[in-house]
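Worksheet for the structure shown next.
Whatever order the structure lists ligands and atoms in, that order sets their numbers, starting from 1. Model, not experiment: these values are computed from the prediction.
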Amino acid sequence: MSNPNINILDTPIEFLKGVGPKKAQALQKELRVSTFRDLLFHFPFRYEDRTKFTLAKEVREEGQIVQLKATIISVEVVKGKRSSRTQAIAKDASGFINLIWFQGGKWIAENIKTGHEYVIYGKVSLYGSRKTIAHPELSLANEVSSLNKTFIPVYHSTEKLDRIGLDSRARRKLCRAILEKLPENQFQDNLSDTIKTKLKLCSRYEAINWIHFPETEEQRQAAINRLKFEELFFMQLRMLQNKELRKKKLVGAVFESVGEQFLNFYNNILPFELTGAQKRVIKEVRSDMGKGFQMNRLLQGDVGSGKTIVAILSMLIAIDNGFQCCLMAPTQILAQQHYTGIMEMLESTGVEVSFLTGSIKSKKRRQALEALADGTTDIIIGTHALIEDKVVFDNLGLAIIDEQHRFGVVQRAKLWNKNKRVAPHVLVMTATPIPRTLAMTAYGDLDVSIIDELPPGRKDIQTIHRYDPHRPKLIQFMREQIKLGRQIYVVYPLIEESAKLDLANLDMGYEYLRQYFMPPDFQISVVHGRMKAKDKDFEMQRFVEGKTQIMVATTVIEVGVNVPNASVMIIENTERFGLSQLHQLRGRVGRGAEQSYCILMSSYKLSKMGKERINTMVRTNNGFEIAEADLKLRGPGDMMGTQQSGALDFRLVNIIQDNQILIVARHIAEQIIEEDPYFQKPENSNLNKYLSKVRLRDRNWGRIS
Ligand code: ADP
Ligand code: MG
């Protein structure tokens with residue numbers, strides 16, 4: 001303790017009295033706890049409130065956890081056929097309560113002192129009007145020490161920990177032992193006084209003491225508040241610092257000018273006026289790419305907001321500056337569609353566009369790779385086949401990733417390495433709007449552009465919920481729409497676990513529709529994930545060309561498909577889709593000038609969540625609103641998928657409930673990074689010391705695991 005360089009908190013947990021090597025090993029294995037500090041940073045997940053006493057007459061609810069002070073007035077053992085139980089009656093000034101033991105009752109019966117006042121703690125069960133606590137905790141009222149009249153922390157445990165004497169109660173004692181011995185000066189605060197004063201946060205020392213052993217509700221709140229802030233603040237600070245450093249260090253190609261290709265396309269080819277939002281985003285991208293540092297930008301824009309054109313114009317800037325570009329899409333169909341569309345638009349320009357996916361083989365593949373490596377190709381469009389090592393660019397300057405939510409950080413990094421001289425600029429585009437809180441956490445190190453305006457002349461899609469028995473009416477409606485020259489999607493859910501059943505469903509749906517829509521007047525396409533890519537493309541193509549009027553499909557069409565003449569989207573078993581999926585699917589219609597419809601079919605039997613999702617879809621077309629609703633219904637981890645959910649591992653923070661704290665933390669972190677990115681000011685020395693330590697620990701941890 002006298003050596004200021006050794007912190008007690010770094011002591012291996014093994015050396016804590018009452019732990020030893022065996023328990024230490026279990027703690028390491030079960031909780032990844034290896035030092036005193038680690039143990040203290042396993043916070044309680046709830047508290048037993050021992051500060052308040054409930055009156056017997058206030059006991060009302062099944063499952064209520066209560067503490068009473070009452071006198072035990074009788075105890076009896078009731079013999080049953082196979083087993084016996086022990087019952088007691090306790091009484092306070094307001095009424096009576098029953099206590100019951102199904103095991104160990106004999107010991108209780110012999111030891112309870114009737115006529116004495118007890119502190120009784122436990123969970124209430126109601127048997128009719130009888131209020132009962134089974135297996136309560138009992139202590140003689142005059143023996144309850146002041147220590148126990150507080151909030152008692154309860155820790156998550158595991159079976160193994162319980163077995164070897166490290167249950168919640170034991171861990172409580174260990175935490176107390178560490179905290180009792182810990183001098184305040186061993187607990188360096190990691191926030192500056194300025195921040196603490198400004199936000200009225202307690203010290204770190206207080207926070208750690210109070211989170212384990214609060215004496216009042218205020219202390220508990222103060223501790224939680226402070227620790228949540230700390231968690232979010234340092235996350236933001238690290239992310240923003242990384243971003244800042246990357247910007248300053250990762251030299252990117254400088255695209256100084258917009259040139260011939262860009263101007264020609266803009267003036268002579270672009271078939272419409274750009275929306276204000278599109279113009280703004282292109283400006284942001286252009287400015288990023290002109291600075292000499294690598295761009296890492298996330299482009300968010302609702303389905304149909306016109307991200308593709310932004311991508312094309314950005315690529316033309318790169319080409320004007322002598323660089324190559326790639327556009328990567330998550331599915332074969334989408335990549336193909338981009339390729340066809342972009343080829344068409346750039347036909348007269350002399351820009352060389354090529355295509356690469358996993359299913360392009362042998363000679364064609366070799367040619368594509370060669371043209372890319374020798375610089376003939378200007379733009380290559382494809383699937384993740386593009387990130388394979390064999391794909392070598394002559395001079396990649398801009399990588400665009402469409403529908404980002406399917407790609408992770410790793411893939412992004414792989415693209416960076418495709419140019420060894422200067423890091424290519426990266427633009428990721430997503431059609432699934434990301435709620436602000438998530439964008440700040442999971443994508444906090446990216447710059448964000450938002451297209452918040454749809455091209456003019458779009459009619460709102462009408463969304464309608466119908467139950468299965470209304471299908472005959474639906475058929476009639478479909479006929480009318482087809483007569484008007486429109487095309488229709490009918491989408492079925494398909495999930496891996498029930499793929500067989502789901503496909504059978506789709507087949508049945510197809511057969512049903514065929515009765516009403518028979519050739520030669522009507523043609524139906526079928527597309528599902530189990531088909532060969534070639535067949536899929538064929539069926540898809542027939543629909544795109546208007547040769548079929550109905551497309552029966554699974555969610556393979558979810559992302560990106562663009563058939564402007566299709567104006568009706570019928571979704572079967574709607575309750576089985578997630579909100580963002582439904583929104584994506586709906587986005588397949590409403591792309592032309594016609595009034596579009598989205599019809600959500602379901603049975604009458606709907607879960608609460610399912611109903612809520614359908615209602616949300618009917619209520620709004622706004623992707624950001626839907627994303628917020630989705631976040632509330634599903635939680636952040638599920639939303640991001642596994643790839644990014646690591647960014648959302650918090651000890652205390654709940655991104656949904658704590659978004660106010662997040663916004664404040666982000667704001668303060670931004671200020672600091674702007675004023676003092678290397679933490680050189682004295683007031684930021686606490687931050688600096690802490691971050692260096694954390695980085696070191698992270699690195700060591702990386703080595704161990
Ligand atoms: P998304 O953002 O979903 O990728 P797309 O880029 O596919 O949207 O654009 C959807 C449709 O809107 C396309 O048919 C496109 O040609 C059209 N579009 C894009 N921008 C405009 C605009 N400014 N004015 C009119 N139509 C536009
Ligand atoms: Mg798109």
Side-chain angles (χ1 to χ4, degrees), residues 265-267 269-283 285 297-316 326-347 379 381-383 400-407 427-434 448-461 486-487 489 540 543-546 555-567 569 580-594 596 598 621-624 626-627:
F265 183 85
Y266 194 88
N267 295 325
I269 302 177
L270 189 63
F272 39 67
E273 173 85 6
L274 293 180
T275 62
Q278 285 170 322
K279 283 184 192 160
R280 192 187 64 236
V281 170
I282 289 167
K283 228 184 243 164
V285 169
R297 189 166 277 278
L298 175 70
L299 170 56
Q300 291 198 63
D302 213 339
V303 231
S305 62
K307 294 181 293 292
T308 314
I309 214 74
V310 172
I312 294 175
L313 285 164
S314 308
M315 291 195 289
L316 291 176
C326 69
L327 172 59
M328 185 159 84
T331 64
Q332 179 99 14
I333 291 181
L334 186 53
Q336 176 72 53
Q337 203 165 51
H338 273 319
Y339 177 62
T340 315
I342 290 174
M343 278 276 277
E344 219 168 85
M345 272 203 254
L346 298 181
E347 205 175 5
I379 295 177
I381 296 170
T383 54
I400 299 182
I401 306 174
D402 198 11
E403 315 296 349
Q404 148 78 10
H405 60 295
R406 304 231 171 157
F407 288 112
L427 180 68
V428 292
M429 310 198 291
T430 168
T432 310
I434 302 162
V448 179
S449 288
I450 296 179
I451 304 187
D452 49 6
E453 182 185 351
L454 292 181
R458 296 270 169 84
K459 291 205 180 97
D460 254 3
I461 301 162
R486 316 274 181 271
Q487 288 167 286
Y489 295 103
M540 193 69 217
F543 188 70
V544 172
E545 286 164 15
T555 42
V556 288
I557 62 152
E558 174 190 345
V559 168
V561 175
N562 188 21
V563 182
N565 190 49
S567 65
M569 167 64 64
S580 75
Q581 251 184 331
L582 289 173
H583 182 60
Q584 282 293 321
L585 286 170
R586 181 168 58 185
R588 295 314 107 213
V589 298
R591 306 195 141 227
E594 310 306 333
S596 293
C598 174
N621 269 318
N622 180 314
F624 281 93
I626 289 172

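Judged by distance alone, the side chain of N621 and the main-chain N or O of I461 form a donor-acceptor pair under 3.5 Å. When atom types are taken as modelled, the side chain of R280 and the backbone of I450 share a donor-acceptor pair closer than 3.5 angstrom. Side-chain atoms of Q278 come within 3.5 Å of backbone N or O of G306 as a donor-acceptor pair.
A 4.5 Å side-chain heavy-atom check between I451 and L299 finds at least one atom pair inside the cut-off. When side chains are defined from C-beta on, V563 counts as touching Y489, because their heavy atoms get closer than 4.5 Å. A 4.5 Å side-chain heavy-atom check between L313 and L274 finds at least one atom pair inside the cut-off.
Each of the atoms 4 (O), 5 (P), 6 (O), 7 (O) of ligand 1 lies under 4.0 Å from some heavy atom of T308. Listed by number with element, the atoms of ligand 1 under 4.0 angstrom from any heavy atom of L274 are 23 (N). Atoms of ligand 1 found under 4.0 Å from any heavy atom of S305, numbered from 1 in the order shown, are 2 (O), 8 (O). Per-residue contacts place R591 under 4.0 angstrom from the following atoms of ligand 1 (heavy atoms of the residue considered): 3 (O), 7 (O), 10 (C).
From T430, atom OG1 reaches atom CD of Q300 across 6.5 Å, with rounding to the nearest 0.5 Å.
Between G304 and ligand 1, at least one N/O pair is under 3.5 Å apart. Taking distance alone, with nitrogen or oxygen atoms compared against 3.5 Å, P456 stays at or beyond that limit from ligand 1.
Nearest-heavy-atom check against atom 23 (N) of ligand 1 across M345, E273, Q584 picks out E273.
Residue G301 places no heavy atom under 4.0 Å from ligand 1. Ligand 1 is never approached by P564 to a heavy-atom distance shorter than 4.0 Å.
With a 4.0 Å cut-off on non-hydrogen atoms, T275 touches ligand 1 through its backbone as well as its side chain.
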